[in-house]
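Notes follow the structure.
Numbers here simply count residues along the sequence, with the first being 1.
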Amino acid sequence: MYPDQFPGRIESILAITPTLDALLERFLTDERETVELVRRLPDVTVAHKARFRRIGQYILFGPDHTAEHIEQIKCCVEAVQGSASLPRQ
């Protein structure tokens, strides 16, 4: 999802978590929440193989997706700190 596909998304996030530390804490909290969600999956969900497979794929490939954006995140942090310009895509 790109920011222009969901107008107001970035602004809404930053209104609630306006600092880098807050964004990092939000990310880490979301990661912990995901772990707890998987721990608490009901048996009926686990028994539904297609659903369980989709959940598994999302969980297993989520870290790869995050890693793909690390350089983009670094550039944005540097730009906000005034040491670089935002990357264009």
Write out all pairs satisfying ring pair (Phe, Tyr, Trp, His ring centres under 6.0 Å) with one or both partners inside residues 56-76, taking only residues at least two apart or from two chains.
H65-H69

Scan the side chains in residues 37-56 for donor-acceptor partners under 3.5 Å anywhere in the protein, sequence neighbours excluded, and list what turns up.
from : atom 1 : to  : atom 2 : distance (Å)
R39  : NH1    : E36 : OE2    : 2.6
R40  : NH1    : E36 : OE1    : 2.2
H48  : ND1    : R51 : N      : 3.1

Grouping ILVMFWY residues whenever side-chain heavy atoms fall under 4.5 Å, the cluster of F27 otherwise contains L24, L28

Quick one: which residue pairs count as a salt bridge (charged side-chain N to carboxylate O under 4.0 Å, His left out) with a foot in residues 13-31, not counting sequence neighbours?
E25-R32

Using distance only, find each side-chain donor-acceptor pair of residues 11-18 under 3.5 Å and give its atom names and separation, not counting sequence neighbours.
from : atom 1 : to  : atom 2 : distance (Å)
S12  : OG     : G8  : O      : 2.7
T17  : OG1    : I13 : O      : 2.8

